[in-house]
Amino acid sequence: MKTAVLGPAERGAALAQMAERELDLLVVGAGVVGAGTALDAATRGLATGLVEARDWASGTSSRSSKLIHGGLRYLEMLDFALVREALKERGLLTERLAPHLVKPVPFLYPLKHRAWERAYAGSGVLLYDAMSVSREHGRGMPAHRHLSRSHALRVAPCLRKDALVGALQYYDAQVDDARYVATLVRTAAQYGAQVANRARVLGFLREGERVVGARVHDLEQGGEFEVRARQVVNATGVWTDETQAMVGERGQFHVRASKGIHLVVPKDRIHSTSGLILRTEKSVLFVIPWGRHWIIGTTDTDWDLDKAHPAASSADIDYLLEHVNAVLAVPLTRDDVEGVYAGLRPLLAGESDATSKLSREHTVAHPVPGLVVVAGGKYTTYRVMAQDAVDEAVHGLDQRVGPCVTEDVRLLGAEGYQALWNARARTAARTGVHVARVEHLLNRYGALSEEVLELIEKDPSLGMPLTGADDYLRAEIVYAASHEGARHLDDVLTRRTRISIETFDRGTQCAAEVAALMAPVLGWDGDQVEREVAHYDKRVEAERESQRQPDDQTADAARLGAPEIVPL
């Protein structure tokens with residue numbers, strides 16, 4: 001079966017389709033929840049549209065800790081229902097829905113006290129594993145184990161000897177969050193959803209009190225048009241309140257933005273074969289394996305400034321370095337930091353004491369006829385949030401609609417992935433692409449890696465690595481623009497790849513080469529190529545400047561020094 005393609009022509013056709021006929025469901029916002037909602041609706045047979053003002057996952061869903069996890073710390077809060085739900089989803093993703101994108105990852109938890117802490121923490125991890133297996137979706141995840149101090153130091157020689165008396169090791173899972181969302185959007189399109197990024201909702205259409213669609217601005221080609229829909233789902237995350245305000249109705253809850261920042265450092269700066277989880281005075285700190293790098297995070301602070309580009313300040317970076325260095329034998333310095341990124345968590349806040357618990361749980365509401373709002377939650381449980389949102393929307397449709405089937409709908413690239421992984425040496429011999437590169441492609445595209453390899457077969461120069469970012473092949477850049485909906489240089493360097501945080505120059509060295517590869521696919525002339533590169537350079541400089549500032553206000557002002565490539 002031919003897979004859905006999200007190139008420029010397909011985007012134009014999708015917008016035309018949405019303008020021409022009434023949809024059953026229009027989803028606003030293409031983060032993980034919005035993309036998941038579009039897939040859920042499309043696989044129930046509903047005529048579905050998905051619009052996003054910027055790029056897929058350009059907000060919170062590309063700036064997370066890249067973990068698919070049950071939330072071990074929520075056990076300590078006695079939130080068993082949330083952990084149980086998340087562990088089931090973790091199992092579904094690693095074993096059935098997206099094994100090519102979601103992988104087990106080990107974590108070491110250093111113990112600082114002898115008997116009581118091992119018993120206390122060990123019982124929690126034991127319960128965590130037991131809850132995972134009891135949901136019948138965790139049997140493939142390795143079990144936890146207790147380690148002596150000497151054993152723990154063999155696993156993680158980076159740790160100071162006086163930082164632990166022993167350790168626990170357990171497993172969770174990891175994902176490239178932005179890549180996952182792009183694959184989710186393509187899968188929704190595969191099942192008939194009409195999808196378009198860089199399409200901003202300006203307001204909702206009303207018939208009396210009922211919402212019957214939205215006015216949409218095509219930011220790429222210009223022009224406004226109406227999309228009629230029998231139900232609209234607001235899945236805009238930290239922008240929920242702003243989107244809700246378009247209907248002029250007071251919401252039943254509010255979404256508070258909490259900023260979390262992460263640092264990326266090279267693999268050789270921290271000598272360990274396992275990730276680390278460390279307690280801080282406020283929460284926990286993760287040191288997460290990430291290819292040839294480590295991700296260190298996160299912080300948790302209120303943010304009420306620019307939501308599109310949350311900025312990491314110098315104080316944020318110092319906080320993470322101080323806490324991770326407390327356990328490292330060889331401390332990290334600013335010079336070790338390759339990349340920094342900041343994201344916003346959408347936390348629920350009610351208007352009264354009865355509903356004011358700030359939570360990682362989610363809420364679905366139907367504030368006015370025709371409009372469903374879904375907010376809160378966490379990345380791991382996006383599928384449940386999507387199911388609840390579509391269930392709520394279905395109540396407003398006078399037709400029989402089938403139940404949710406996304407527990408059994410594999411994402412594109414999952415089918416046949418394991419067989420192709422087993423045959424990777426033969427694939428390398430057949431294509432002339434080194435087996436390490438084939439493995440890299442399989443872990444990013446799954447079975448869709450065959451489509452990337454076809455590009456290389458047609459043009460062998462695309463089999464060469466990018467200059468200054470040699471983890472990625474030139475073919476991946478062309479594929480991002482032709483198949484994955486990338487419209488601008490920033491989309492590719494920041495989300496289709498992770499070059500913006502995985503290189504010390506943050507992608508500026510390869511920016512011109514990447515833009516030149518995208519140009520023929522997107523119809524750019526020389527002037528547009530120059531504009532794309534200049535914009536990206538300004539973005540990187542604005543981010544660097546923001547990270548030199550002492551606080552959120554000055555960091556935000558510095559980050560806003562780089563304009564959008566497409567003004568909103």
Side-chain angles (χ1 to χ4, degrees), residues 3 32 56-57 61-62 64-69 90-106 140-142 171-187 264 267 273-275 288-295 379-380 410-431 433-456 462-463 465-466 469-480 483-484 486 492-499 501-503:
T3 58
V32 71
W56 321 131
S61 294
S62 62
S64 74
S65 296
K66 326 296 186 210
L67 293 178
I68 297 294
H69 62 128
R90 185 191 73 176
L92 278 171
L93 292 171
T94 55
E95 296 167 23
R96 182 189 302 169
L97 303 184
H100 56 312
L101 298 174
V102 184
K103 310 284 186 180
V105 61
M141 197 72 66
Y171 281 77
D172 257 319
Q174 184 177 57
V175 67
D176 182 329
D177 47 9
R179 170 145 298 284
Y180 188 92
V181 174
T183 307
L184 199 55
V185 172
R186 279 188 74 187
T187 307
V264 182
K267 194 79 168 180
T273 58
S274 173
I288 307 163
W290 181 254
R292 295 202 288 175
H293 318 269
W294 296 96
I295 293 175
Y379 198 108
T380 302
R410 293 182 170 217
L411 269 60
L412 288 180
E415 197 69 51
Y417 159 71
Q418 194 59 57
L420 285 171
W421 180 262
N422 294 340
R424 61 193 184 278
R426 289 206 312 271
T427 301
R430 169 174 58 84
T431 61
V433 176
H434 193 279
V435 68
R437 301 286 188 185
V438 173
E439 290 176 352
H440 161 87
L441 295 176
L442 284 168
N443 285 328
R444 280 171 52 75
Y445 307 94
L448 298 182
S449 59
E450 291 293 312
E451 296 180 350
V452 182
L453 290 169
E454 285 175 11
L455 293 176
I456 296 172
L462 297 180
L466 288 171
D470 63 0
D471 279 351
Y472 299 95
L473 299 178
R474 290 160 56 88
E476 296 181 74
I477 308 306
V478 174
Y479 190 79
H483 286 68
E484 297 181 329
V492 171
L493 293 176
T494 306
R495 286 172 291 276
R496 301 307 183 278
T497 71
R498 293 303 188 158
I499 293 169
I501 58 172
E502 292 176 347
T503 59

| Considering all heavy atoms, the nearest Leu411-Ala98 contact | CD2-CB, 4.4 Å
| Of all heavy-atom pairs between Leu412 and Thr187, which one has the smallest distance, and what is that distance? | N-OG1, 3.1 Å
| request: Kindly determine whether Val438 and His434 satisfy side chain to side chain contact (heavy atoms under 4.5 Å, CB included), including the steps that lead there. | output: CA-CA 6 Å; Val438 173; His434 193 279; over 6 Å; no
| How about Tyr417 and Asn443: does a side-chain donor come under 3.5 Å of a side-chain acceptor? | yes
| Has the side chain of Trp56 got a donor or acceptor atom that lies under 3.5 Å from a matching backbone atom of Val181? | no
| message | Checking Glu415 against His100: is there a side-chain donor and acceptor pair closer than 3.5 Å? | response | no
| task | Please examine the side chains of Thr183 and Arg179, heavy atoms only from C-beta on, and report whether any two atoms are closer than 4.5 Å. | result | yes
| Among Ser62, Ser64, Ser65, which residue meets the side-chain hydrogen bond (donor to acceptor under 3.5 Å, both in side chains) test with Asp177? | Ser64
| field | With Thr427, the side chain to side chain contact (heavy atoms under 4.5 Å, CB included) member among Val433, Leu453, Leu442, Val435 | value | Leu453
| field | Under 3.5 Å: donor-acceptor pair, side chain of Thr94, backbone of Pro99 | value | no
| query | Does some side-chain heavy atom of Glu450 sit less than 4.5 Å from a side-chain heavy atom of Leu420? | reply | yes
| message | Please enumerate all residues that pass side chain to side chain contact (heavy atoms under 4.5 Å, CB included) together with Thr503, with sequence neighbours excluded. | response | Ala469, Ile499, Asp505
| said: Using the rule given for side chain to side chain contact (heavy atoms under 4.5 Å, CB included), can you reason through Ile477 versus Thr497, listing the C-alpha separation, both sets of side-chain angles and the distance that settles it, and then say yes or no? | reply: CA-CA 8 Å; Ile477 308 306; Thr497 71; 4.2 Å; yes
| Is a donor on one side and an acceptor on the other found under 3.5 Å between the side chain of Arg444 and the backbone of Arg496? | yes
| What heavy-atom pair brings Ala480 and Val492 nearest, and what distance separates the two atoms? | CB-CG2, 4.0 Å
| message | Do Val452 and Val478 have side chains that approach each other closer than 4.5 Å (heavy atoms only, starting at C-beta)? | response | no
| request: Run the numbers on Ile68 and Asp172 for side chain to side chain contact (heavy atoms under 4.5 Å, CB included), then give the verdict. | output: CA-CA 7 Å; Ile68 297 294; Asp172 257 319; over 6 Å; no
| query | Sub-3.5 Å donor-acceptor pair from the side chain of Ser449 to the main-chain atoms of Leu441, do we have one? | reply | no
| message | Just to verify, what does His483 make a ring pair (Phe, Tyr, Trp, His ring centres under 6.0 Å) with, not counting sequence neighbours? | response | Tyr479
| query | If you look at every heavy atom in Arg292 and Asp471, which pair is closest and at what distance? | reply | NH2-OD1, 2.6 Å
| query | Have Tyr445 and Glu476 got a donor and an acceptor in their side chains that come within less than 3.5 Å? | reply | yes
| Where does the angle between the aromatic ring planes of Tyr379 and Tyr180 fall among parallel (under 30°), tilted (30 to 60°) and perpendicular (over 60°)? | perpendicular
| field | Passing candidate, side-chain hydrogen bond (donor to acceptor under 3.5 Å, both in side chains) with Asp176, options Arg495, Lys103, Lys66, Arg498 | value | Arg498
| query | Can any side-chain N or O of His69 pair as donor or acceptor with the backbone N or O of Gln174 at less than 3.5 Å? | reply | no
| message | Whether the side chain of Glu95 engages the backbone of Leu92 through a donor-acceptor N/O pair (distance < 3.5 Å, no angle test) should be reported. | response | no
| field | Criterion side chain to side chain contact (heavy atoms under 4.5 Å, CB included) on Glu502 and His293, from CA distance to verdict | value | CA-CA 7 Å; Glu502 292 176 347; His293 318 269; 3.6 Å; yes
| field | Distance-minimising heavy-atom pair for Leu462 and Leu455 | value | CD1-O, 3.8 Å
| said: Testing the basics here: between Ser274 and Pro289, what is the closest heavy-atom pair and its distance to 0.1 Å? | reply: C-CG, 4.5 Å
| field | Main-chain N/O of Ala173 paired with Arg90 side-chain donor or acceptor, under 3.5 Å | value | no
| task | For atom CZ of Arg426, decide whether the heavy atoms of other residues, nucleotides or ligands shown that lie under 6.0 angstrom number more than 12. | result | no
